[in-house]
Amino acid sequence: MKGKKSEDIGRDEFLKRAWTWKEQSGGKIVSQLKRIGYSVDWSRERFTLDQKLNDAVVEAFNILYKKNLIYRGEYLVNWCPASQSAVSDLEVEMQEVNGYLWHFKYPLLSKSGEQLLDKYLEVATTRPETLLGDTAVAVNPDDDRYKKYIGAKVKVPFVDREIPVIADSHVDKEFGTGCVKVTPAHDPNDFAIGKRHNLKQINVMNKDGTLNINAGKFQNLDRYEARKKIIKELENLGLLTKIEEYKHTVPYSDRGKVPIEPLLSTQWFLKMDDISQGCLEEIDSKKPEFIPQRWEKVYKDWLENINDWCISRQLWWGHQIPAWYVLDEFQDSIEQNTPFVVARNEEDALIQANKKFGFNIKLVRDKDVLDTWFSSGLWPFSTLGWPNNNDPDFKKWYPNSVLVTGFDIIFFWVARMTMMGNTFTNNIPFKDVYIHGLVRDENNKKMSKSAGNGIDPILLIDKYGSDALRFALIREVAGAGQDIRLDFDRKKDTSSTVEASRNFANKLWNATKFVLLNKTSNDNYSFNESDLNSLELCDKWILSKLHQVNTNVATLLKEYKLGESAKLLYEFSWNDFCDWYVEFAKQRFNNKENKNRQTSEKVLIKVLNDILVMIHPFMPHITEELWHVLQLKPEETLLSLQKWPTQENKFVDIKLDKSFQQLFEIIRLIRNLRAELGLKPSEKVPVYLISDNGDLIDFLKILVDDIQTLTKSSEVLIYETNAVDKTEFAKSFSGIIRDLEVYLPFQDYVNIDALQERLTKDLQKVNSELENLNKRLSNKNFIDKAPKEIVDECRFKLKEGTTQMERINKKLELLN
RNA sequence: GGGCGAUUAGCUCAGUGGUAGAGCACUACCUCGACACGGUAGUGGUCACUGGUUCGAAUCCAGUAUCGCCCACCA
């Protein structure tokens, strides 16, 4: 095991060796060291600890120590025998294993003396080897079976220790035999019982997981070998009564991947009660505010049930604990010594004084280091110059605005930062905590290094580009912190979600190409008075749309709705701008006599510019590039530094939006009718638009050329209802969009069978819809209780549906 | 054992009281001067299940199932 304490190679040597491991560990060592403030010194080929960060850590330790929040004590800690270090509760992972529950008997002694009775108490355990450290047997005080034995003694086999039978309400009468062997030095539960009953703590294990001298004849055996041997010998003694198969959870070390051993040892602890209490008070007033909100409960629950934090680690990397011990010439162990903690930069003075006065004492610094999360918890302010509260960075940027992170790190990091921040700066270090989802693999499993189910982002970046990957992930995070299941095809290294984003990037690229091809001047895109007067309807429409998208995206971003923002921009760019506006613009550019060409250009550039600026945070590279060629900006002028585009309110025109919406529906209907007739784009036929809505007629007349081109019609004829004789359209397909009728006369049609089939299907659909509407409208309750608008809408739909049905019937008639 | 989230088109997901949407995939047509990584028109769904509230439920409530995650000292 790398960095194993027992090798005792020394801190310097470790860092030297770590340098040689940095490659074979795949960067793991480097990232771990960097995270706690080591930097890479390439010239000296070693890692060095950032002095400023180290000073901050020492300062923090001192403050906490002086407030009596840090203490050193002998407690049960989660001991990882592989890395030979204590680990915190959070680094323990529970794993379900198929194990056994062994039942065996402890011989009872008579109450008066040492007389061995012919009676036994039966206990059950999953870890028989710990019996060597037993100091009591506990029963429930209300258990009638065992009441009479409370106060008696039993004899522990092998070590021949006489231990008392005690009563403790923790014991469950129903489970196992109802008798629990109590091993205060090797089980957290038993430790608590031991405290309550003042039991001796007998440690039977060494730090590497082998048994120690207290284990008697089992000394030096590994914990699992000892288990086997003990079971065998218990059986030989006739004390083993039952072996039950038993599924239970065993704590494993996250770090060493071996079962944790609860071990009695001397460690440093941080008292959490007061600190967490402070944060609990703050969270009541939304400090910090969690987005999505549901994580607040998770954070709160954890703070409410927190235990003291074991902050010492027996590792070589990290910030060494700034505590010193005085040893006289005969001592070489610090275990039993009282430490004293000194402030930063005082160590030297201490050593000097010691020398100067010729004290014949040894000063030894604690060898342990701090849990990496101790220094990470200081990160929001230690990186801004703290403990110097007058540092300009600290003054300007603290508290931070938002922390973006995954939920897996709420306890490790977020809570530690809020607690440290609250303690040292009287401030929660950030206003908002945005918790994003995690990427899952195609089997819905969390991606992790250890499971090996990760997706190498480089594969996707090589194939689609980093902008595409970034945009795809943002687009998918829509459901506020919902996990992302990437549709990654492992065999082909493809993902259709990322591919769609790549296509979008390509669309932006080509839209910009179109604009550049048609650009005639290098003027900027700001409008003057004459431009405003020569804006056409479609210009006004796209500017109105742009304004709305702009404000909506700004609002969504403020609410951290990143996915929705991305989707909105995607739709606006592709559907409104590329599909419709660019097509309108083509018309204007193709018309050589167009006097407003300059204005059209300006609108086109303005809209594209704003699209690029708004999409920039989502697709930084391509937008930066396109923006530069569009605006002819020098390399040093960065899009990243541009302000969010502003729009003029006067461009918003909801009525115009609605008119265009109807226009699009009309165009789609014409295309649809042409498709039904099987007309090829080259086959041009006239189309008749008929309405008694004067405003609509005026509107359509202005855009008549656009309708003609976009529907590939030979002619678009617009009439008022009473000005036309509908019998002329006897042989025509028709449709209706609100108050406008569309007629498409024709000579021939193709694909009669297919069309007939489809029309019949349409008819069925409309019929069932009408049936539904009729049912609702004939329901008295509905008429009475539903809002008027809904009822009216129903009536309108019924009318529309009836006309639709007539038209389909007519079409079918014509086909026969 | 406790808690949280998910379940909607073949796939990945939006939609949170008025009768269902997007992208990909699929079908047909289209190389038309930005783009085939494209355009146009389509096909495709008992909104996991069972009850309840309501004139009306994918949407609100209760329960069930499946999947996933987090927390937890039953020896």
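Just so it is clear, the structure is predicted and the values come from calculations on it, not from any experiment. Chain letters run A, B, ... following the sequence lines, proteins first, then strands; residues in each count from 1.
Only one option out of A:Phe407, A:Tyr434, A:Phe411 pairs with A:Trp295 in a ring-ring contact (aromatic ring centres under 6.0 Å, His included); it is A:Phe407. Exactly one of A:Val123, A:Val204, A:Val156 qualifies for a side chain to side chain contact (heavy atoms under 4.5 Å, CB included) with A:Leu131. That residue is A:Val156.
Look at A:Lys785 and you won't find any side-chain N or O under 4.0 angstrom from OP1 or OP2 of B:rG18. At B:rG39, one or more side-chain N or O atoms of A:Lys507 fall inside 4.0 Å of OP1 or OP2 (strictly under the cut-off). Contact annotation: A:Lys712 does not reach the phosphate of B:rC30 (side-chain N/O to OP1 or OP2, under 4.0 Å). Between A:Arg671 and B:rA41, a side-chain N or O to OP1/OP2 separation shorter than 4.0 Å is present. Contact annotation: A:Tyr246 side-chain N/O to B:rA75 OP1/OP2 distance is under 4.0 Å.
If you take atom C1' in B:rC13 and the same atom in B:rC70, they sit 24 Å apart, rounded to whole Å. Between B:rG39 and B:rA22, the distance separating the two P atoms is 15 Å to the nearest Å. Separating the P atom of B:rU64 from that of B:rG45 is a span of 32 Å, rounded to the nearest Å. Comparing the P positions of B:rC24 and B:rG68 gives an interatomic distance of 30 Å, to the nearest angstrom. Straight-line distance between the C1' atoms of B:rC47 and B:rU19: roughly 12 Å, to the nearest whole Å. Comparing the P positions of B:rU59 and B:rU54 gives a spacing of 16 Å, expressed to the nearest Å. B:rG17 and B:rU12 are spaced 27 Å apart, taking the P atom of each and rounding to whole Å. Rounded to whole Å, the separation between the C1' atoms of B:rU7 and B:rC49 comes to 11 Å.
The partner of B:rG42, taking Watson-Crick or G-U wobble pairs whose two distances both stay under 3.5 Å, is B:rC26. In a base pair of the Watson-Crick type (N1 to N3 plus N6-O4 or O6-N4) or a G-U wobble (N1-O2 and O6-N3), with each distance short of 3.5 Å, B:rU66 is matched with B:rA6. Using the Watson-Crick or G-U wobble rule with both distances under 3.5 Å, B:rA14 pairs with nothing in any strand shown. Pair check for B:rU19 finds none; no Watson-Crick or G-U wobble contact set falls under 3.5 Å. With a cut-off of 3.5 Å on both pairing distances, the Watson-Crick or G-U wobble partner of B:rG1 is B:rC71. Using N1 to N3 plus N6-O4 or O6-N4 for Watson-Crick, or N1-O2 and O6-N3 for G-U wobble, each under 3.5 Å, B:rC47 pairs with nothing. B:rG33: no Watson-Crick or G-U partner with both key distances under 3.5 Å is found in any strand. If you check B:rA57 for Watson-Crick or wobble pairing at under 3.5 angstrom, you find it has no partner at all.
Ring to ring, A:Tyr570 and A:Phe504 are close: their centroids are under 6.0 angstrom apart.
At a cut-off of 3.5 angstrom, counting only N and O atoms as typed in the model, there is no donor on one side facing an acceptor on the other between the side-chain of A:Arg294 and the base of B:rC4. Counting atom types as modelled, A:Lys586 pairs a side-chain N or O with a base atom of B:rA34 as donor and acceptor under 3.5 Å. Side-chain atoms of A:Asn781 stay outside donor-acceptor range of the base of B:rC55, with no qualifying N/O pair under 3.5 Å.
Within the nucleic acid shown, A:Val298 has no heavy atom closer than 4.0 Å to any nucleic acid atom. Counting non-hydrogen atoms under 4.0 angstrom, A:Phe504 reaches nothing in the nucleic acid. At a threshold of 4.0 angstrom between heavy atoms, the contacts of A:Asn590 with the nucleic acid are absent. A:Arg440 comes within contact range of the sugar-phosphate backbone alone, with a heavy-atom separation under 4.0 Å but no base atom that close. Across all strands shown, A:Arg668 has heavy atoms under 4.0 Å from sugar-phosphate atoms exclusively, and none from any base. Using a 4.0 Å heavy-atom cutoff across all strands shown, A:Asn779 reaches sugar-phosphate atoms only and no base atom. At the heavy-atom level, A:Lys463 lies nowhere under 4.0 Å from the strands shown. Residue A:Pro787 is classed as a base contact, given a heavy-atom separation below 4.0 Å to a base. Note on A:Ala511: a base of the nucleic acid sits closer than 4.0 angstrom, heavy atoms only.
Which of B:rC37, B:rU12, B:rC55 sits closest to the side chain of A:Ala786 comes down to B:rC55. Closest contact between the side chain of A:Cys578 and the listed nucleotides B:rA34, B:rC73, B:rC4 involves B:rA34. The side chain of A:Glu583 lies closest to B:rA34, out of B:rG44, B:rG23, B:rA34. Of the candidates B:rU40, B:rA75, B:rG23, B:rG23 carries the atom nearest the A:Arg475 side chain, counting heavy atoms from C-beta on. Closest contact between the side chain of A:Lys797 and the listed nucleotides B:rU12, B:rU19, B:rA34 involves B:rU19. Taking only side-chain atoms of A:Arg502, from C-beta outward, the nucleotide of B:rA75, B:rU40, B:rC37 with the closest atom is B:rC37. Residue A:Arg485 places its side chain closer to B:rC13 than to any other of B:rG23, B:rC13, B:rA34. The A:Trp574 side chain lies nearest to B:rG39 when the options are B:rG39, B:rA34, B:rA75. Across B:rC35, B:rC11, B:rA75, the shortest atom-to-atom separation from the side chain of A:Asp487 is found for B:rC11. The A:Asn503 side chain lies nearest to B:rC37 when the options are B:rC37, B:rA75, B:rA41.
Rounding to whole angstrom units, CD of residue A:Glu499 and C1' of B:rC11 are separated by 13 Å. Rounded to a whole Å, the CG atom of A:Asn672 is 9 Å from the C1' atom of B:rG42. Rounded to whole Å, the distance from CH2 on A:Trp509 to P on B:rG38 is 16 Å. Atom CD of A:Gln95 is separated from atom P of B:rC70 by 12 Å (rounded to the nearest Å). In this structure, A:Lys761 atom NZ and B:rG42 atom C1' are separated by 10 Å, rounded to whole Å. Protein atom CG of A:Asp301 is 12 Å distant from nucleotide atom P of B:rC71, rounded to whole Å.
Atom CD of A:Glu244 has more than 12 neighbouring heavy atoms from other residues, nucleotides or ligands inside a 6.0 Å radius.
Two residues, A:Ala500 and A:Val92, neighbour RNA chain B, and the one matched to the more 5' nucleotide by heavy-atom proximity is A:Ala500. Residue A:Leu90 is the one, among A:Thr177 and A:Leu90, whose nearest nucleotide of RNA chain B lies closer to the 5' end (criterion: closest heavy atom).
A:Trp627 and A:Asn609 share a donor-acceptor pair across their side chains, judged by distance under 3.5 Å alone. Between the side chains of A:Glu499 and A:Thr494, no donor-acceptor pair is found at a separation under 3.5 Å.
Judged by distance alone, the side chain of A:Glu91 and the main-chain N or O of A:Ser88 form a donor-acceptor pair under 3.5 Å. Using modelled atom types, one side-chain atom of A:Asp187 and one backbone atom of A:Asn189 make a donor-acceptor pair closer than 3.5 Å.
Closest approach of A:Thr126 and A:Trp102 over heavy atoms only: O-CZ3, 3.5 Å.
Side-chain contact between A:Lys684 and A:Ser713: absent, with no pair of heavy atoms (C-beta onward) separated by less than 4.5 Å.
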